[in-house]
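Working notes, beginning with the structure itself.
Remember, it's 1-based here, ligands and their atoms both numbered in the order they're listed.
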Amino acid sequence: MTVDKEWEFDYDEADFEAIRKRIFQAAGIKLGDSKRQMVYSRIVRRLRSLNLNSFQQYLGFLDQQPDEIELFINALTTNLTSFFRESHHFNSLSDMLTERHRQGQPLRIWCAAASTGEEPYSIAMTACQTFKSLTPPVQILATDIDSQVLKTAKMGVYAESRVKDVDIDLKKSYLLKGKGEREGLVKVRPELNRLIQFQRLNLLDSKWDVAPDLDVIFCRNVMIYFDKPTQIKLLDRMVPLLAKDGYYVAGHSETIDREYRALRLVGKTIYQRQA
Ligand SMILES: C[S@@+](CC[C@H](N)C(=O)[O-])C[C@H]1O[C@@H](n2cnc3c(N)ncnc32)[C@H](O)[C@@H]1O
């Protein structure tokens with residue numbers, strides 16, 4: 001059955017099902033029925049750039065070319081983010097950093113779905129504000145499965161419209177305004193970049209290159225794409241990476257079951273590791 005004859009390429013139920021299955025296997029992302037059109041418009045770009053004639057051909061290509069999987073994943077991730085999204089988390093982060101700071105030991109934060117970088121840079125700005133320094137005792141690991149968004153994140157260059165809601169003092173302190181050809185853009189100060197290590201990491205992979213004893217994990221607005229068993233499996237692996245009494249920050253719709261004893265709710269979608 002062809003879903004819509006108006007479309008440039010035939011796209012039927014079997015194509016959608018096959019793509020759903022592949023992205024679930026590769027990234028744990030569960031695509032609901034409502035994503036049919038979204039899948040078409042995202043994957044069709046891959047067909048065009050590879051000069052392929054059908055979704056079936058593309059699926060065959062995906063099976064034969066291991067490198068294509070990365071681009072396939074990039075095409076299907078949803079990367080919506082913003083500076084200081086869920087701003088209450090950053091007020092709390094400042095308190096956490098103050099509470100957990102020990103002389104001579106950097107605080108370690110893992111931002112586990114960093115997308116285009118607004119979240120790790122908001123963490124870095126919060127750290128600079130908290131310690132009133134451009135070199136606060138903080139190390140941030142920012143990871144994402146999507147290699148394309150990580151490139152944007154590393155560059156730290158954004159359209160001014162992306163920072164329109166950022167506090168004016170923060171903008172003055174941490175963002176450089178583009179001039180001439182770069183008019184309309186802002187660049188994050190290099191000192192903030194230096195606080196962050198960007199790394200591609202698929203949360204579904206059996207091994208993560210993340211050292212334990214983390215003070216805070218930001219894992220926001222990514223668990224929603226996974227099914228319940230995957231969410232629990234990931235939590236069971238993340239919590240042991242936290243130091244004693246370390247914090248786990250979830251997205252607004254990612255409340256963790258009260259029955260999950262390893263974490264205790266201590267704020268609005270903020271949890272603390274339990275002994
Ligand atoms: C909606 S964004 C959330 C960004 C940010 N954490 C925030 O709350 O603003 C979700 C991010 O999760 C990433 N993601 C999806 N599946 C992933 C996986 N299996 N491993 C790591 N990151 C994944 C996507 O690439 C995307 O950048």
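Taking the six-membered ring for Trp and the full ring otherwise, the centers of Phe55 and Tyr40 sit less than 6.0 Å from each other.
Closer than 4.0 angstrom to ligand 1 by heavy atom are Ala27, Ile29, Thr77, Thr78, Asn79, Leu80, Thr81, Arg85, Ala113, Ser115, Glu119, Asp144, Ile145, Asp146, Leu201, Asn202, Leu203, Arg220, Asn221, Val222, Tyr225, Phe226, sorted by chain and number.
Applying the side-chain contact (heavy atoms from CB on, under 4.5 Å) test between Gln57 and each of Leu52, Leu50, Asn51, Leu62 identifies Leu52 as the sole match.
For the side-chain contact (heavy atoms from CB on, under 4.5 Å) test, no residue two or more places apart in sequence or in another chain qualifies with Asp165.
Identified under the salt bridge (Lys or Arg N to Asp or Glu O under 4.0 Å) test for residues 68-84, with sequence neighbours left out: Arg46-Glu68.
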If you look only at distance, which donor and acceptor atoms sit under 3.5 Å apart when one is on a side chain in residues 14-30 and the other is two or more places apart or in another chain?
| residue | atom | partner | partner atom | Å |
| --- | --- | --- | --- | --- |
| Asp15 | OD2 | Asp12 | N | 2.9 |
| Glu17 | OE2 | Arg20 | NH2 | 2.8 |
| Arg20 | NH1 | Leu31 | O | 2.7 |
| Arg20 | NH1 | Asp33 | OD1 | 3.0 |
| Arg20 | NH2 | Asp33 | OD1 | 2.9 |
| Arg22 | NH1 | Asp63 | OD1 | 2.5 |

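For the residue pair Gln231 and Tyr260, no side-chain donor N or O sits within less than 3.5 Å of a side-chain acceptor on the partner.
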